[in-house]
Trainee: 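Take this structure, written in structure tokens, and hold onto it; I'll ask about it next.
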Amino acid sequence: MKKRLIQNVSLAPAATSPFPLLHLKPKAFLLHKLSESTNPILTNLLHTLTLKLGFASDTFTVNHLLISYVKLREVDTARKVFGEMREPNVVSWTSVISGFNDMGQPQTALSMFQEMHEDRSVPPNEYTFASVFKACSALAESRIGKCIHARLEISGLRSNTVVSSSLVDMYGKCNDVETARRVFDSMIGCGRNVVSWTSMITTYAQNARGHEAIELFRSFNAVSTSDRPNQFMLASVISASSSLGRLQWGKVAHGLVTRGGYESNNVVATSLLDMYSKCGSLSCAEKIFLNIRCHTVITYTSMIMAKAKHGFGEAAVKLFDEMVGKRIKPNYVTLLGVLHACSHSGLVNEGLEFLNSMAEKHGVIPDPRHYTCVVDMLGRSGRVDEAYDLAKTIEVGAEQGALLWGALLSAGRLHGRIEIVSEASKRLIQSDQQVTSAYIALSNAYAVAGGWEDSESLRLEMKRSGNVKERACSWIESKESVYVFHAGDLSCDESGEIERFLKDMEKQMKERGHRGSSSSSMITSSSVFIDVDEEAKEEMVNLHCERLALAYGLLHLPAGSTIRIMNNLRMCRDCHEAFKVISEIVQREIVVRDVNRFHCFKNGSCTCRDFW
DNA sequence: CTAGGGTTAG
């Protein structure tokens, strides 16, 4: 066995020269072989050879050994080798630190850096700092990151493009957009490259500040003479376009993808798929999906999500089966997609079945996010008590709890279950999460139940405590502009025309037998057309901002054009039904999408307000 | 000489 390996590995004759490496000295031979080894057995052998040939204390040679182990993802062996080094240098330290980064162990990377700091014999250099900031970024640890940033400042290292880019990224991942921007601005002296710009654009994109991301992308293109956007930057810009729901910008980015020849890049393709889906064009999303050659769990999950969001639950489940059939292993996000699909298409029993069997069948253990999805599903379909019973059994942290009880709150609201709304709101208020939404919901619930005084006093309480809710809104995109309609806002010039139009539409809908939602759900600001029979509630109709967006679109967009409505409200099945009826009446395609609220919580603290 | 930064699905 051993003999064969040696033959295979090191001294096998090559075509041109019988023994191409024999003329090399032992050390050069070791270095050469170590740098090209992609085989753990070979590296092990070279390890032995290093020791036998007496290079154990040669830092340079052992560094090669270390790096070889790191590349093979054998970071623990690398660490062991490192521990036996007589005189590790800065490269040795940095290699091990970045090895832990690559293995998804940023915590260990940081403690290695701390060890290095306490050891004092080897000061870190730019390479070390770049790796360490990457670790902080992975952990979203701005407190530690700031301390190390301070060490960098006093270390006397000249500012360096790579280090500064890693800093921008780190602050971005820690949701400290302003500091990220300050670092980015300070880079004017040391030179920015595509990576630096991408870091800053990504910072904006990932912190729900899509407009600034796009704006910065524009400046990059205006300012940069030699650098063109690459796949990293494009993926980020496309993702910013999706979170804004701006198909126009997404299409421009798609053009740049084609021009740059990045279409076959999976990451770019996935971001395009997601963008088309979120901007309302499921058919374009599907085109992208069908062009992907090498599918992964992410490409499938994205398409499953897309179908789910557009209400094609059965198709999403079918796609899931296809994926499993191809032996692509689903992960927890995939199952969220499937549950989402069931939830949005009324496949309640199927959804429950998925929840109960996912651990056994697919090896994914349901976590609070899956349960939240199912609570939402039960709630939408009217099985509010089951939703409540399920919610009570789930142990969650504050942030997840906010989503869980938020879902239940919507359910209670949707079905006029004041005691559920009240319970969910209280939990939200207690956990100090989404306090304003909870107050609003509670107040609305009181209002529906006729407790106008309670409702009024709650609103006063909110005003006193400074809880001002970001307003729900819907918007419609046309060529170059976006028209935003805020809840309760009828200030636009055409309001009279729009109201007349809506009244007429409601009449037509009734003639076609559309019942609309129950009157209690009017207050959810999710229902589209409803019977307005009580004067006292007239004012609330203004809450239905997607009606306004829709009417505006129908009145102003050219005949035959598709109308895309984005909103940041939670829509129920009735709304989708209503849009179908409207679509038939006006003979136009109407695409409605809930802006992904989840996105806003992705990195912690941002709010939906930043969309506008 | 050997080591470093940015991207996609909820």
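Every value quoted in this text rests on a predicted model; they were computed, and no experiment measured them. Chain identifiers are assigned alphabetically (A, B, ...) following the order of the sequence lines, protein sequences preceding nucleic acid strands; residue numbering begins at 1 within each chain.
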Trainee: Going by modelled atom types, is there a donor-acceptor pair between the base of B:dG5 and the side chain of A:Asn160 at under 3.5 Å?
Mentor: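 Per atom types, no contact qualifies.
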
Trainee: Report the distance from atom CE of A:Met305 to atom C1' of B:dA9, rounded to the nearest whole Å.
Mentor: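 Result: 7 Å.
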
Trainee: Would you mind classifying the nucleic acid contact of A:Ile298 as base, sugar-phosphate or nothing, using non-hydrogen atoms under 4.0 angstrom?
Mentor: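 Base, at least one base atom sits under 4.0 Å.
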
Trainee: Kindly state which residues belonging to residues 284-294 of chain A come within less than 4.0 angstrom of DNA chain B, counting heavy atoms of the residue only, listed by number.
Mentor: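 Close to the strand, none.
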
Trainee: Are any of A:Lys173's side-chain N or O atoms less than 4.0 Å away from OP1 or OP2 of B:dT7?
Mentor: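 Affirmative; the distance criterion is met.
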
Trainee: Let me know the distance between OH of A:Tyr127 and C1' of B:dT2, rounded to the nearest Å.
Mentor: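 One finds 10 Å between C1' of B:dT2 and OH of A:Tyr127, rounded.
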
Trainee: If you measure from the Lys or Arg side-chain nitrogens to the Asp or Glu carboxylate oxygens, is any gap between A:Glu178 and A:Arg182 under 4.0 Å?
Mentor: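 A salt bridge is absent here (no side-chain N lies under 4.0 Å from a carboxylate O).
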
Trainee: For A:Arg228 and B:dT7, give me the distance from atom CZ to atom P, rounded to whole Å.
Mentor: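 Atom CZ in A:Arg228 sits about 21 Å away from atom P in B:dT7.
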
Trainee: Test side chain to side chain contact (heavy atoms under 4.5 Å, CB included) on A:Ser343 and A:Arg380 and set out the steps.
Mentor: CA-CA 8 Å; A:Ser343 170; A:Arg380 280 171 198 267; 3.5 Å; yes

Trainee: Of the nucleotides B:dG10, B:dG5, B:dA3, which one has an atom closest to the side chain of A:Ser166?
Mentor: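 Shortest atom-to-atom distance from the side chain points to B:dG5.
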
Trainee: Answer with yes or no after comparing the ring centroid distance for A:His362 and A:Phe320 against a 6.0 Å cut-off, counting only values under it.
Mentor: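 Centroid distance A:His362-A:Phe320: below 6.0 Å, so yes.
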
Trainee: Mind checking whether A:His149 and A:Phe129 have ring centres under 6.0 Å apart?
Mentor: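 They do not qualify: ring centres at least 6.0 Å apart.
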
Trainee: For DNA chain B, which residues in residues 328-335 of chain A have a heavy atom at a distance below 4.0 Å?
Mentor: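 Contacting residues: A:Asn331, A:Tyr332, A:Val333.
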
Trainee: From CG of A:Asp169 over to P of B:dT7, roughly how many Å is that when rounded to an integer?
Mentor: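 Interatomic distance, CG of A:Asp169 to P of B:dT7: 5 Å.
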
Trainee: Side chain to side chain donor-acceptor pair (under 3.5 Å) with A:Glu74: which residues, sequence neighbours excluded?
Mentor: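 Applying side chain to side chain donor-acceptor pair (under 3.5 Å) to A:Glu74 gives A:Thr77.
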
Trainee: Do A:Thr270 and B:dT8 have a side chain to base donor-acceptor pair shorter than 3.5 Å?
Mentor: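 Check passes, donor-acceptor contact within cut-off.
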
Trainee: Counting only side-chain N and O atoms of A:Gln231, is one of them less than 4.0 Å from OP1 or OP2 of B:dG6?
Mentor: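 A:Gln231 to B:dG6 OP1/OP2: no side-chain N or O under 4.0 Å.
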
Trainee: Does A:Lys173 reach the main-chain N or O of A:Ala138 with its side chain, forming a donor-acceptor pair under 3.5 Å?
Mentor: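 Not a single qualifying donor-acceptor pair exists.
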
Trainee: Counting only non-hydrogen atoms, which of residues 82-108 of chain A are less than 4.0 Å from DNA chain B?
Mentor: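 Residues of residues 82-108 of chain A that come under 4.0 Å of DNA chain B are, in numerical order, A:Val91, A:Thr94, A:Ser95, A:Ser98.
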
Trainee: Does A:Thr301 reach a base, just sugar-phosphate, or nothing at all? Heavy atoms under 4.0 Å.
Mentor: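 Base, at least one base heavy atom under 4.0 Å.
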
Trainee: May I ask you to verify whether the side chain of A:Ser199 and the base of B:dG6 hold a donor-acceptor pair under 3.5 Å?
Mentor: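 Not at all, since no donor on one side and acceptor on the other fall under 3.5 Å apart.
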
Trainee: Any base atoms under 4.0 Å from A:Val163, or only sugar-phosphate, or nothing? Heavy atoms, all strands.
Mentor: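 Answer is base: heavy atoms of A:Val163 come under 4.0 Å of a base.
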
Trainee: By side-chain contact (heavy atoms from CB on, under 4.5 Å), which residues pair with A:Val396, not counting sequence neighbours?
Mentor: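 Testing A:Val396 for side-chain contact (heavy atoms from CB on, under 4.5 Å), a comparison that skips the adjacent residues, returns A:Pro368, A:Ile394, A:Gln400, A:Leu404.
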
Trainee: Is there a donor-acceptor pair closer than 3.5 Å between any side-chain N or O of A:Ser345 and the backbone N or O of A:Leu347?
Mentor: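 No; judged by distance alone, with no hydrogens or angles, the pair does not exist.
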
Trainee: Under 3.5 Å, which donor-acceptor pairs do the side chains of residues 222-229 of chain A form with other protein atoms, sequence neighbours left out?
Mentor:
unit_1	atom_1	unit_2	atom_2	d
A:Ser224	OG	A:Asp227	N	3.1
A:Ser224	OG	A:Asp227	O	2.7
A:Asp227	OD2	A:Val194	N	3.4

Trainee: Are A:Lys134 and A:Asp169 ion-paired here, with the side-chain N under 4.0 Å from a carboxylate O?
Mentor: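 No, no charged N to carboxylate O under 4.0 Å.
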
Trainee: Would you indicate which nucleotide in B:dG4, B:dA3, B:dA9 comes nearest to any side-chain atom of A:Glu126?
Mentor: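 Selected nucleotide (nearest to the side chain): B:dG4.
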
Trainee: Any chance you could lay out the salt bridge (Lys or Arg N to Asp or Glu O under 4.0 Å) test for A:Glu322 and A:Lys318, step after step, and finish with the verdict?
Mentor: CA-CA 6 Å; A:Glu322 177 186 312; A:Lys318 209 174 142 215; over 6 Å; no

Trainee: How close or far is atom P of B:dA9 from atom CZ of A:Phe320, stated in whole angstroms?
Mentor: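 Rounded to the whole Å, the gap is 20 Å.
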
Trainee: When you measure only distances, ignoring hydrogens and angles, does the side chain of A:Asn125 come within 3.5 Å of the base of B:dG4 through a donor and an acceptor?
Mentor: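 For A:Asn125, whose side chain was compared with the base of B:dG4, there is no donor-acceptor pair (under 3.5 Å).
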
Trainee: Test side chain to side chain contact (heavy atoms under 4.5 Å, CB included) on A:Lys287 and A:Leu273 and set out the steps.
Mentor: CA-CA 8 Å; A:Lys287 266 186 206 155; A:Leu273 192 169; over 6 Å; no

Trainee: A:Ala235 side chain: which of B:dG5, B:dT7, B:dG10 is closest?
Mentor: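 Ranking B:dG5, B:dT7, B:dG10 by closest atom to the A:Ala235 side chain puts B:dT7 first.
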
Trainee: Provide, to the nearest angstrom, the distance between the CE atom belonging to A:Met323 and the P atom belonging to B:dA9.
Mentor: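 Spelled out: CE on A:Met323 to P on B:dA9 is 16 Å.
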
Trainee: What is the separation between atom CD1 on A:Ile238 and atom C1' on B:dT8, rounded to the nearest whole Å?
Mentor: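 Value for this atom pair: 9 Å.
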
Trainee: Nearest to the side chain of A:Val195, which nucleotide is it out of B:dG4, B:dT2, B:dG6?
Mentor: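 Looking only at heavy atoms from C-beta outward on A:Val195, the closest nucleotide is B:dG6.
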
Trainee: At under 4.0 Å between heavy atoms, what does A:Thr59 touch on the DNA or RNA strands: base, sugar-phosphate, or nothing?
Mentor: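 Since no nucleic acid heavy atom lies under 4.0 Å of A:Thr59, the category is nothing.
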
Trainee: Look at A:Asp102 together with A:Lys71 and state whether they make a salt bridge at an N to O cut-off of under 4.0 Å.
Mentor: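 So A:Asp102 does not pair with A:Lys71 through a salt bridge.
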
